[in-house]
Protein chains: 2
Amino acid sequence: MLDLSSSLQDYLEAILELSEVNSTVRVTDLAKKLNIAKASVSQSISKLVDLNLVQQESYGPIELTSTGREQALKVRRRHRMLRKFLIEILGVKPEIAEKDACKMEHSISPETMDKLVDFLAASEQLPQEEPKMTTQLSQLKKGQTGTVTKIEATGTLRRRISELGVNVGTKITVLGVAPMGDPMEFSVQDYRLSLRKDEASLIRVEVDQ
Amino acid sequence: MLDLSSSLQDYLEAILELSEVNSTVRVTDLAKKLNIAKASVSQSISKLVDLNLVQQESYGPIELTSTGREQALKVRRRHRMLRKFLIEILGVKPEIAEKDACKMEHSISPETMDKLVDFLAASEQLPQEEPKMTTQLSQLKKGQTGTVTKIEATGTLRRRISELGVNVGTKITVLGVAPMGDPMEFSVQDYRLSLRKDEASLIRVEVDQ
DNA sequence: TGAAATTGTTAGGTTAGGCTAACTTTTGAA
DNA sequence: TTCAAAAGTTAGCCTAACCTAACAATTTCA
């Protein structure tokens with residue numbers, strides 16, 4: 001694992017986020033998202049290109065390399081875990097949790113992160129309530145919101161889903177379905193997310209209301 | 001509350017720590033503790049002097065002003081709380097907890113810190129075991145270790161004791177007693193601490209072993 | 001299709017927080 | 001009491017990450 005500065009990690013994470021919403025990621029998008037001057041973004045991107053984490057031809061769009069994507073996913077995973085912890089365990093307000101997670105993600109060691117994940121897992125097991133009626137996420141209609149009760153995917157897909165911020169307890173809303181019924185577009189914790197229908201069918205949710 | 005950079009906060013905290021162990025704090029001590037070149041320390045101290053947080057005549061020892069001391073105590077309180085949280089709640093190893101707390105203390109918002117303190121307080125109340133035999137901390141002999149069960153001090157003194165890192169559950173060891181029986185010298189969480197005998201008598205402990 | 005608007009880059013500057021080397025002041029031991 | 005070692009300061013430099021201003025490339029659309 002490379003030793004990236006916090007700032008560069010933030011760039012990677014932002015590129016990842018944007019690439020899931022927009023078809024191309026451009027300097028201007030990043031500048032707006034991170035609230036940094038275009039010129040500064042441009043310079044930082046050059047650094048990331050030198051590090052082989054990002055590809056960009058002059059004046060062209062920005063794309064993560066596979067190493068870059070890997071790094072970005074790790075960063076985001078930490079970010080989301082931390083936020084989840086702050087919100088669900090400590091009861092910090094979401095806006096503040098978001099900001100703090102953003103800053104803390106850079107100072108927390110892998111060991112502590114692991115313990116934090118353990119703690120989250122343990123606390124999720126505790127409240128054993130009566131079984132609820134659940135459906136596949138893919139069954140929800142546009143506009144409906146559900147709370148994830150179980151992730152039936154395994155292996156890489158399970159990990160990926162988790163990295164995308166979808167975990168037991170997460171609220172997820174259907175934003176829309178593509179013309180052919182696939183993929184589906186969701187909103188999770190303020191992020192947009194696309195999943196293929198067969199992927200969504202491996203996530204069980206309890207429909208809200 | 002001033003808006004100090006993390007680095008300057010670290011200096012303040014280190015000065016406070018050193019001032020409790022040494023009679024005077026010098027540039028060299030700080031340089032060694034923080035692992036930073038003397039020249040850099042010297043410069044940073046000038047900044048702190050400009051900010052009225054530290055007093056120093058040229059070539060003389062370093063002393064916190066009252067504002068500086070206040071700031072330093074706040075920083076240390078956050079540091080210790082975080083470390084305590086990492087160790088006691090998450091079960092992170094002390095060495096790692098120490099390092100992480102050091103870095104995280106600068107990125108955590110007051111709101112989150114409050115929640116964290118609440119959480120610690122709540123988790124301390126849960127395990128209600130049978131009452132134990134306790135004594136006043138002032139009754140311990142040199143070399144004995146006790147676990148704090150109650151702090152009977154109130155108001156400012158109570159706050160001060162807590163800021164010094166002494167809280168319910170804290171292990172505290174008697175390092176020695178001054179010739180006249182006062183003050184007493186303790187070791188708490190790797191720090192040295194002096195308390196007057198009458199202050200120590202307001203802390204109840206359960207003797208270890 | 002070509003000028004205006006948008007997007008991206010370059011040049012040059014700032015600040016914080018480090019560093020080394022060279023200097024000055026203080027201290028303490030012969 | 002004097003002078004070498006230790007302690008502290010100053011000068012000058014570096015890097016990361018930001019900035020603005022000016023310039024270059026690319027789109028867009030009239």
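- Using a 4.5 Å heavy-atom cutoff, the side chains of B/Ile62 and B/Leu18 are not in contact.
- Taking the charged nitrogens against the carboxylate oxygens, A/Glu20 and A/Arg192 have no contact shorter than 4.0 Å, which rules out a salt bridge.
- Checked against C/dC19, C/dT10, D/dG8, the side chain of B/Val27 finds its nearest nucleotide in D/dG8.
- In this structure, the NZ atom of B/Lys47 is 15 Å from the C1' atom of D/dT9, given to the nearest Å.
- Minimum atom distance to the side chain of A/Arg26 is reached by C/dG8, of the listed C/dG18, C/dA16, C/dG8.
- Atom-to-atom, CG of B/Leu51 to C1' of C/dG17 comes out at 15 Å; the value is rounded to the nearest Å.
- Nearest to the side-chain atoms of A/Ala37 among the listed nucleotides D/dT9, C/dT9, D/dT20 stands D/dT20.
- For A/Ile36, taking side-chain heavy atoms from C-beta onward, the closest of the listed nucleotides D/dC18, C/dG18, D/dT26 is D/dC18.
- For the pair A/Lys32 NZ and C/dG8 P, the interatomic distance rounds to 11 Å; values are reported in whole Å.
- OP1 or OP2 of D/dA16 has not a single side-chain nitrogen or oxygen of A/Ser7 nearer than 4.0 Å.
- Remark: P of D/dA16 and CG of A/Asp10 are 16 Å apart, rounded to the nearest angstrom.
- Remark: A/Asp50 CG is packed, more than 12 non-hydrogen atoms of other residues, nucleotides or ligands lying under 6.0 Å away.
- Side-chain proximity of A/Ser40 to D/dC19, C/dG18, C/dG17: nearest is D/dC19.
- For the pair A/Asn35 and B/Thr28, both in contact range of DNA chain D, the more 5′-proximal nearest nucleotide belongs to B/Thr28.
- Between the OH atom of B/Tyr59 and the P atom of D/dG8 there is a distance of 10 Å, rounded to whole Å.
- Here the nucleotide nearest the side chain of B/Gln43, chosen from D/dA24, D/dA7, D/dG12, is D/dG12.
- For the pair A/Glu57 CD and D/dA25 C1', the computed distance is 14 Å after rounding to whole Å.
- For A/Ser42, the side-chain atoms get nearest to C/dT9 when compared with the rest of D/dG8, C/dT9, C/dC19.
- A salt bridge links B/Asp29 to B/Arg26: one of the charged nitrogens lies within less than 4.0 Å of a carboxylate oxygen.
- For A/Lys38 and C/dT9, the NZ to P distance is 10 Å, given to the nearest whole Å.
- In the set D/dT10, C/dT9, D/dA17, C/dT9 carries the atom at the smallest distance from any side-chain atom of A/Ala39.
- Between D/dA17 and A/Ser5, a contact under 4.0 Å exists linking OP1 or OP2 to a side-chain N or O.
- Between B/Glu98 and B/Arg83 there is a salt bridge, since at least one side-chain N of the basic residue sits less than 4.0 Å from a carboxylate O of the acidic one.
- Remark: C1' of D/dG8 and CG of B/Asp29 are 12 Å apart, rounded to the nearest angstrom.
- Residue A/Gln56 places its side chain closer to C/dT9 than to any other of D/dT9, C/dT9, D/dC18.
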